[in-house]
Amino acid sequence: MEYPFQSIEKKWQEYWKNNQTFKVELNPDKPKFYVLDMFPYPSGAGLHVGHPLGYIASDIYSRYKRLKGFNVLHPMGYDAFGLPAEQYAIQTGQHPAITTAANISRYREQLDKIGLSYDWSREIRTCDPDYYKWTQWIFVRLFNSWYDNSEKKARDISSLISVFEKSGNSEINAASEFKDSFSANEWNSFAESERENILQSYRLAYISEATVNWCPALGTVLANEEVKEGVSERGGHPVERKLMKQWSLRITAYAERLLNDLDGIDWPDSVKEQQRNWIGKSEGAQLSFALDKDGLKLEVFTTRPDTIFGVSFMTIAPEHELLEKIVIPERKEEVLSYVRESANRSERERVSEVKRISGVFTGTFAIHPFTGNKIPVWVGDYVLAGYGTGAVMSVPAHDERDHAFAKHFNIPIPQVISAPDGFDFLEKAYDAKEGVCINSDFLNGLKVKDAITKAVNEIESRSIGKGRTNYRLRDAVFGRQRYWGEPIPVYYKDGIPYTLPEDELPLILPEVDKYLPREDGEPPLARANDWKYKGKYDYELTTMPGWAGSSWYFLRYMDSSNDQSIASQDALDYWKQVDLYMGGAEHATGHLLYVRFWTKFLYDIGFLKITEPAKKLINQGMIQGRSNFVYRLKDSNTFVSYNLRGQHETIALHVDVNIVENDELDIEAFRNWRPEYSDAEFILEDGKYICGAEIEKMSKSKWNVVSPDSMIEKYGADCLRLYEMFLGPLELSKPWNTNGISGTSNFIRKLWKLYHEPVEGAKDLVWAVNNEAPSKAELKILHQTIKKIADDIERYSFNTSVSNFMICVNELTNLKCRKRAILEPLAIILSPYAPHISEELWEKLGHNSSVSQASFPEFNQEYLVEDQFAYPISFNGKTKFNIELPLKLSKEQIEQEVLDKEEVKKLLAGQTPKKVVVVPGRIVNIVF
RNA sequence: GCCCGGGUGGUGGAACUGGUAGACACGCAGGACUUAAAAUCCUGUGGCCGUUGAGGCCGUGCGGGUUCGAUUCCCGCCCCGGGUACCA
């Protein structure tokens with residue numbers, strides 16, 4: 001019998017569980033290493049073969065680090081609050097906690113079968129009150145903090161209040177939208193509600209009236225990154241703009257630090273770039289244009305103050321607060337109807353009709369601060385209320401959008417920056433930051449970059465405005481009108497929000513009769529009976545968004561059962577931060593930005609000593625599905641094989657890939673698959689039914705889901721692990737094709753046969769490892785492999801490791817090597833990849849502890865030293881043949897030896913080489 | 001449009017700092033074993049021409065460049081995947 005993977009894999013999974021092999025404790029004597037997977041949302045569909053890709057890679061890395069002597073923290077848990085469980089609860093009435101728990105146990109079963117070396121004693125679930133107590137705790141801390149721009153850190157709100165009491169707000173440089181100023185006396189005379197209103201515009205967690213993304217179908221608001229192309233990321237429902245009272249987190253206070261600190265972390269460039277774009281820093285100037293009315297001023301933000309002499313009109317957003325005041329009576333009706341029209345445009349329309357140009361002249365003029373010219377003020381929806389000042393100075397010659405607007409409405413396009421010869425300003429704008437200023441008074445002749453500096457200086461010295469930095473990043477809307485999330489620990493007294501005292505946390509999610517919003521539109525938590533703080537104060541009814549629990553979970557694993565704190569100071573000091581973080585690229589601007597934000601906040605309040613959650617991040621690629629199709633003749637139950645389908649009129653139908661092998665349909669299984677196919681007829685080719693195939697997303701509806709369970713049942717977990725790695729580079733997306741798995745399956749059998757041999761009369765293979773001394777050749781193979789595997793793992797090149805193991809086993813098989821001195825180290829280096837078979841071999845080699853406690857063998861260069869090298873001899877760069885030469889020869893000797901060879905002389909045919917390039921140990925190139 | 005990735009055999013992919021392109025595997029073809037099949041093992045397998053124990057030419061998306069030598073570096077273009085979208 002060959003390698004019995006079923007029994008052996010089960011045996012070791014039980015061993016690891018019973019012996020708590022991967023349980024880890026603080027150990028100051030060992031260097032630590034923290035490997036984290038992005039924890040999954042446990043969906044009802046279970047894992048498909050794409051999900052474990054990252055888990056396997058990080059597991060290999062963890063196991064490797066253990067062998068290298070590190071104390072490895074490698075935990076797993078569940079992002080357990082979320083919409084699918086709640087949608088299911090709405091449909092069925094089943095409490096989402098029940099569905100979630102069931103899904104979790106299914107996930108756990110699947111994960112266990114893969115042989116992952118998690119320390120399960122540290123498991124967390126974000127929906128567990130012992131966990132979300134601390135999520136709420138962080139919220140309370142955010143509520144009680146403000147951001148001091150001078151010190152560039154968050155500080156306790158009490159420090160702000162004491163400044164207000166002593167000197168009002170004039171000396172405060174805070175991240176706040178509060179514009180007015182007040183004195184200490186005024187502050188002290190304010191009523192409590194008035195004070196709190198002011199404080200709300202300083203707190204890092206605050207409630208405010210804000211335009212939000214409202215999704216009627218989901219009955220909740222969504223954050224910007226949960227909206228993709230005008231529809232909800234989950235479910236694809238339309239999203240509209242709506243003004244609502246909302247809890248938000250002041251992430252904008254951290255914009256600059258979130259941007260700068262990207263330089264210090266080893267994350268994929270694409271993720272860093274996405275975060276940079278999302279934060280969207282732009283430097284320029286804010287300046288005001290006087291209006292020809294009532295002494296009003298229009299504030300604009302521009303990144304191109306160098307083009308200020310090219311302004312031919314101004315544009316303000318339809319929502320601009322000055323609009324009603326400045327529009328002249330004759331135009332009022334037209335302008336207001338335009339404003340109404342643009343307000344009613346849904347987000348989807350707005351996004352899909354980007355190129356539509358619309359706007360209306362307000363009848364008012366602004367005065368150019370330098371020329372004194374009158375400039376018409378327009379309203380146009382291409383200007384966004386939420387960015388900058390909601391108004392722009394339009395320079396059509398040098399800005400694409402202004403150009404389109406000017407062209408559409410026949411507004412002049414004055415050129416102020418020199419452009420290349422023949423540039424047609426009627427056709428498009430010249431927006432490159434290259435050239436010199438022209439027609440621009442004191443800026444004439446300056447290059448763009450210098451002109452920007454000069455213009456800002458001039459604007460400042462004339463007190464028209466000043467240099468300013470703007471960010472695209474918006475504060476994060478934090479409340480969700482949903483049931484299945486962390487309650488926001490806030491109650492209201494006289495309409496003023498107060499947070500619960502920290503020692504009264506957690507605020508437990510109450511039971512409700514239905515998971516829908518109440519009839520009056522209040523969120524589901526309004527249905528909870530007698531749910532009041534101290535029996536009389538209303539609680540906040542929205543819950544936290546999905547990303548709350550995941551914004552700090554990496555810390556909880558460090559000390560997951562601590563009931564006094566997020567984690568003990570010892571644990572935080574020891575584990576510090578994640579060394580390797582593995583997860584999907586889709587979290588680039590959501591989770592990965594929030595977790596950085598919370599980490600910095602916890603640092604500011606002195607809780608952490610680190611400012612970034614993860615040193616190194618790897619995005620594993622997606623595994624796509626490979627769908628199979630059958631072709632049904634129109635209006636019949638007859639199916640025609642792939643290559644014959646052209647002769648008929650057919651419809652392609654997805655067929656379950658699990659009843660197709662190498663694109664050949666299992667006809668019996670197909671008939672049994674669905675009742676309507678039980679009497680299906682087939683038109684075959686060569687006696688087979690061949691299916692069509694296509695690469696698509698792996699999903700139930702496309703019948704192309706391959707589960708890890710079915711692969712493990714058929715081939716074993718080690719084989720699946722190896723194959724997932726063998727598919728290609730970790731970061732690349734690639735389609736799953738089960739066909740190739742026989743390669744790694746063969747490898748495991750070959751490996752087993754290296755340690756075992758057939759014996760006459762015996763049914764099973766017999767243990768065959770001996771204690772003979774290894775040969776030079778065998779040692780060379782082993783040490784080459786040790787070096788390659790270590791190098792591969794260090795650079796996360798797991799696919800090439802698998803090839804290298806194959807090469808090693810092939811070569812040792814050819815040498816019939818059964819020597820312990822070779823095969824024992826091999827079992828260790830293989831164990832991160834194929835832990836079950838390695839444990840079994842390790843035990844058979846006579847060890848009574850887990851191979852995970854062994855040491856990674858030392859690589860010894862001596863075994864690789866060669867004295868001969870087969871030099872490739874090329875002529876004019878083309879390799880013709882090899883010549884074996886001693887490596888100790890000098891360049892000159894090599895050249896002489898090579899030129900003396902008959903075959904070289906023959907190819908030269910009497911010509912004298914112009915040049916001979918000799919790279920010792922590499923190549924000889926003869927140029928003639 | 002802009003910003004990232006990426007284009008190598010029939011397929012997945014390899015090639016570390018510019019040095020023998022196609023490792024390893026799948027698939028395919030031929031052979032051995034077998035009554036037969038499966039499994040296993042052996043051989044071959046980039047293309048074209050030629051040979052049948054000769055060899056030659058072409059070849060890493062396309063066009064150019066640098067170099068003794070380019071899949072690798074530079075310039076221009078094409079295609080595919082992902083992100084983003086009026087951010088002034």
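Labels below follow one simple rule: chain letters A, B, ... track the order of the sequence lines, proteins then strands, and each chain is numbered from 1. Excluded from the calculations below are hydrogen atoms, water molecules and symmetry mates; all remaining heavy atoms, backbone and side chain alike, are included. What you are looking at is a predicted structure, and each value in this text was computed from that prediction instead of being measured.
To the nearest angstrom, C1' of B:A23 lies 11 Å from CD of A:E811. The interatomic distance linking A:Y715 (OH) with B:A39 (P) rounds to 11 Å, in whole Å. Atom CH2 of A:W736 and atom C1' of B:C26 are 13 Å apart (whole Å). Distance A:K753 NZ to B:U40 C1': 6 Å, rounded to the nearest Å. With rounding to whole Å, A:L262 atom CG is found 19 Å from B:C3 atom P. Look at CZ on A:F869: it is 12 Å from P on B:G19, rounded to the nearest Å. Computed from coordinates, the A:I741 CD1 to B:A25 C1' distance equals 13 Å when rounded to whole Å. Following rounding to the nearest Å, A:I873 (CD1) and B:C68 (C1') show an atom-to-atom distance of 14 Å.
Contacts of A:T315 with the nucleic acid, taken as non-hydrogen atoms under 4.0 Å apart, are absent. Counting any heavy atom pair closer than 4.0 Å across all strands shown, A:V383 reaches a base atom. Note on A:R276: nothing from the nucleic acid sits closer than 4.0 angstrom, heavy atoms only. Counting any heavy atom pair closer than 4.0 Å across all strands shown, A:S874 reaches no nucleic acid atom. Residue-level contact check: A:N810 touches the backbone only, with heavy atoms under 4.0 Å from sugar-phosphate atoms and none from bases. When heavy atoms are screened at a 4.0 angstrom cut-off, A:V919 is found touching base atoms of the nucleic acid. Backbone-only contact: A:N746 has heavy atoms under 4.0 Å from sugar-phosphate atoms and none from a base.
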In the 5'-to-3' direction, what one-character label does each nucleotide of nucleotides 8-18 of chain B receive under the scheme B = base within less than 4.0 Å of a protein heavy atom, S = sugar-phosphate only, - = no such atom? ----BSSS---
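Across the P atoms, B:A54 and B:C62 are found 32 Å apart, a figure rounded to whole Å. Look at the P atom in both B:A23 and B:U11: the space between them is 15 Å, to the nearest Å. The P atoms of B:G18 and B:A25 are separated by 29 Å, rounded to the nearest whole Å. The P atoms of B:C77 and B:A88 are separated by 26 Å, rounded to the nearest whole Å. Taking atom P in both B:C74 and B:G5, the straight-line distance is 12 Å, to the nearest Å. If you take atom P in B:U20 and the same atom in B:A70, they sit 12 Å apart, rounded to whole Å. For the P atoms, the distance from B:C75 to B:U84 is 28 Å, rounded to whole Å. Straight-line distance between the C1' atoms of B:A14 and B:U72: roughly 14 Å, to the nearest whole Å.
Comparing A:I923 and A:T389 along RNA chain B, the residue whose closest nucleotide (by nearest heavy atom) sits nearer the 5' end is A:I923. When the nearest nucleotides of RNA chain B are assigned to A:D399 and A:T879 by heavy-atom distance, the more 5′-ward of the two goes with A:T879.
Side chain of A:I807, nearest nucleotide from B:A88, B:C24, B:G27: B:C24. When distances run from any side-chain atom of A:P872 to the nucleotides B:U20, B:C68, B:G27, the shortest one goes to B:U20. In the set B:A85, B:A39, B:A88, B:A39 carries the atom at the smallest distance from any side-chain atom of A:R749. Of the candidate nucleotides B:A25, B:U20, B:A88, B:A88 has the atom lying nearest to any side-chain atom of A:L384. Checked against B:A88, B:A25, B:C68, the side chain of A:F301 finds its nearest nucleotide in B:A88.
In this structure a side-chain-to-backbone donor-acceptor pair under 3.5 Å is missing from A:E299 to A:F301. Formation of a donor-acceptor pair under 3.5 Å by the A:E724 side chain with backbone atoms of A:I56 is not found in this model. A distance-only check finds a donor-acceptor pair linking the side chain of A:R721 to the backbone of A:Y833 [under 3.5 Å].
Using modelled atom types, one finds a donor on one side chain and an acceptor on the other under 3.5 Å when comparing A:N925 with A:S874. With no hydrogens or angles considered, a side-chain donor-acceptor pair links A:E256 and A:Y471 at under 3.5 Å.
Using cut-offs of 30° and 60° on the angle between ring planes, the pair A:H398 and A:Y430 is perpendicular. Below 30°, between 30° and 60°, or above 60°: for A:Y3 and A:W752 the angle between ring planes is between 30° and 60°, a tilted geometry.
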Output one line per pair: protein atom, nucleotide atom from nucleotides 55-61 of chain B, and distance, for all N/O pairs under 3.5 Å.
unit_1: B:C58; atom_1: OP2; unit_2: A:K878; atom_2: NZ; d: 3.2

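Counting heavy-atom neighbours within 6.0 Å of A:E586 CD, excluding the residue itself, gives a total above 12.
Salt-bridge check for A:R276 with A:D263: passed, with a basic side-chain N closer than 4.0 Å to an acidic carboxylate O. Checked for salt-bridge contact, A:R795 and A:D791 miss the test: no charged N lies under 4.0 Å from a carboxylate O.
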Toss me the dot-bracket line for RNA chain B: Watson-Crick and G-U wobble, both under 3.5 Å, 5' to 3', using | for pairs to another strand and [ ] for crossers. (((((((..(((......[....)))((((((.......))))))((((.....))))..(((((..]....))))))))))))....
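Applying the 90° cutoff around 0 to the glycosidic angle, B:G65 is assigned anti.
Take A:E400 and apply the salt bridge (charged side-chain N to carboxylate O under 4.0 Å, His left out) test, not counting sequence neighbours, and it matches no residue. Residues that satisfy the ring-ring contact (aromatic ring centres under 6.0 Å, His included) test with A:F5, not counting sequence neighbours, are absent from this structure. Annotation: ring-ring contact (aromatic ring centres under 6.0 Å, His included) contacts of A:F405 (sequence neighbours excluded): A:F313, A:W378, A:Y382, A:F409.
A:L864 and A:Q784 get closest at one heavy-atom pair: CD1-N, 3.7 Å.
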